[in-house]
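What follows is a set of notes on a single structure, which appears directly below.
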Protein chains: 2
Amino acid sequence: MTNSMDSPPSRPKAAGKRQRLMAATARVLHEQGVERTTIADIARAADVPAGNVYYYFKTKDELVEAALSEHTKNLEALTGRLDQLPDPRERLKGLVNAWVGQRDITARYGCPTGTLAVELDKRTESGLDVAAGHAIRRLLDWVEQQYRQMGMADPEGLALTFVGAYQGMSLLSNALRDPEIMTREGARLVRELDGLA
Amino acid sequence: MTNSMDSPPSRPKAAGKRQRLMAATARVLHEQGVERTTIADIARAADVPAGNVYYYFKTKDELVEAALSEHTKNLEALTGRLDQLPDPRERLKGLVNAWVGQRDITARYGCPTGTLAVELDKRTESGLDVAAGHAIRRLLDWVEQQYRQMGMADPEGLALTFVGAYQGMSLLSNALRDPEIMTREGARLVRELDGLA
DNA sequence: GTCTATAGGGGGATAGAC
DNA sequence: GTCTATCCCCCTATAGAC
């Protein structure tokens, strides 16, 4: 998971630090929020000198974009692994299990993409106010495919309900600081998947 | 809805402006977010001279608290009206209808309390990081009472699912800028309420 | 009670040395 | 490519005139 810095970057000394910065940004923005995170915070977390950050990212908005693409990458790694499972129903249950496995982090900081969506919605000047929506759209599409392969009617509506349930339980779990909400609602989602035609 | 300024305030000239400030703060914080809203923004929206705000609220955090109590007040006015209905099931359906009626505002700015909860979670220094959770807890309790009166098993779990669905559909509707998500998911919630034992 | 002016601190971004 | 110093704007909060 942590980089060993000996894999040759695309440009001489650059890519190692760039990658560290992206990962650190994703983590720190999740924990502290976009508005309350300073460039110095990110530099410290990535163990990069403060002034050097601007060599890799010209503006704070570019860092936000990088964080979003990190979350997207992580999500696609997860769905990619789940795609190995033969049964679409098991894939959805695997997704729920992954969510529940993150319950402590979610209870403390919320869903990474969901909280980012809420914050970016207010950043109207940059073009990023709907950027998180695209990441969510991808998840919605993947879930819809699973329902479709299960032969369900209205796969789009089911996906909306499914992802909505995740965002809702994440927000409640975070607002009430209670990881058990993730466990309870996760169990309900699995039960419903098993009960479907 | 708008104040007529002739009702005698508790202290001479004070209460009228104080009330205007509270209402304006609730609205502007919802639209712009806590971190991106300045005292000047609030003063302008309330039509109060900028420097005068600090006479009524000593800090920005007090304004945030005021906004939260406005949302709480509005929610209790709504549940108070719904309490007039004889049937708890109809009360819950009335709540869903109220939510769907707000779909355009929700698609643009999210649920007022939910987005506030996400933002306040990051404001750890002030004691307000869990304050929005209390408002949500009240809603959960009220919903739970309705399920209890309907004689349902596990009213607490049902309330969690119900309010979670609202928060989830609000976040998705906002992230995707699509009010129809509120309509679709609202219709589903009503359908499920009608289908319950 | 009302309002202006400004102190004071912080943070995004840049210039330019190395 | 790396890093320091710093500019400059903005925002919270206060002092104090009216």
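Hydrogens, waters and symmetry mates play no part in the numbers below; they use all other heavy atoms, side chains included.
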(message) Less than 4.0 angstrom from a charged side-chain N to a carboxylate O is my criterion; do Lys93(B) and Asp87(B) meet it?
(response) no
Mind listing the N/O atom pairs, protein and nucleotides 13-15 of chain C, below 3.5 Å?
| from | atom 1 | to | atom 2 | distance (Å) |
| --- | --- | --- | --- | --- |
| dA13(C) | OP2 | Tyr54(A) | OH | 3.3 |
| dA13(C) | OP2 | Lys60(A) | N | 2.9 |

(message) Rounded to whole Å, please give me the gap between CD in Gln32(B) and P in dC10(D).
(response) 15 Å
(request) Can you run down the salt bridge (Lys or Arg N to Asp or Glu O under 4.0 Å) pairs that involve residues 141-162 of chain A, sequence neighbours left out, and say none if there aren't any? (result) Arg137(A)-Asp141(A), Glu144(A)-Arg148(A), Asp154(A)-Arg184(B), Glu156(A)-Arg184(B)
(request) Give a yes/no answer on whether the side chain of Tyr55(B) brings an N or O atom under 4.0 Å of OP1 or OP2 in dT2(C). (result) no
(request) Find the distance Glu35(B):CD to dG10(C):P and express it as a whole number of Å. (result) 16 Å
(message) Which heavy atom of Glu70(B) sits nearest to which heavy atom of Met22(B), and what is that distance?
(response) CG-O, 3.6 Å
(request) Send over the distance from Glu62(B) CD to dT12(D) P, rounded to a whole Å. (result) 14 Å
(request) Check every atom of dC3(D), dG11(C), dT2(C) against the side chain of Lys17(B) and return the nucleotide holding the closest atom. (result) dT2(C)
(request) May I have the distance from Ile42(B) (atom CD1) to dC11(D) (atom C1'), rounded to whole angstrom? (result) 12 Å
(request) Would you kindly give the CZ-to-P distance between Arg44(A) and dG11(C), to the nearest whole Å? (result) 10 Å
(request) Starting from P on dG16(D), measure out to CG on Asn52(B) and report it in whole angstrom. (result) 19 Å
(request) Write down the distance between CZ (Arg20(B)) and P (dT2(C)), rounded to a whole number of angstrom. (result) 10 Å
(request) Check the angle between the aromatic planes of His30(A) and His71(A) and answer parallel, tilted or perpendicular using the 30° and 60° thresholds. (result) perpendicular
(request) Find the distance between CG (Leu171(A)) and OG (Ser170(B)) and round it off to the nearest 0.5 Å. (result) 9.0 Å
(message) Any salt bridge linking Arg108(A) with Asp121(B)? Criterion: basic side-chain nitrogen under 4.0 Å from a carboxylate oxygen.
(response) yes
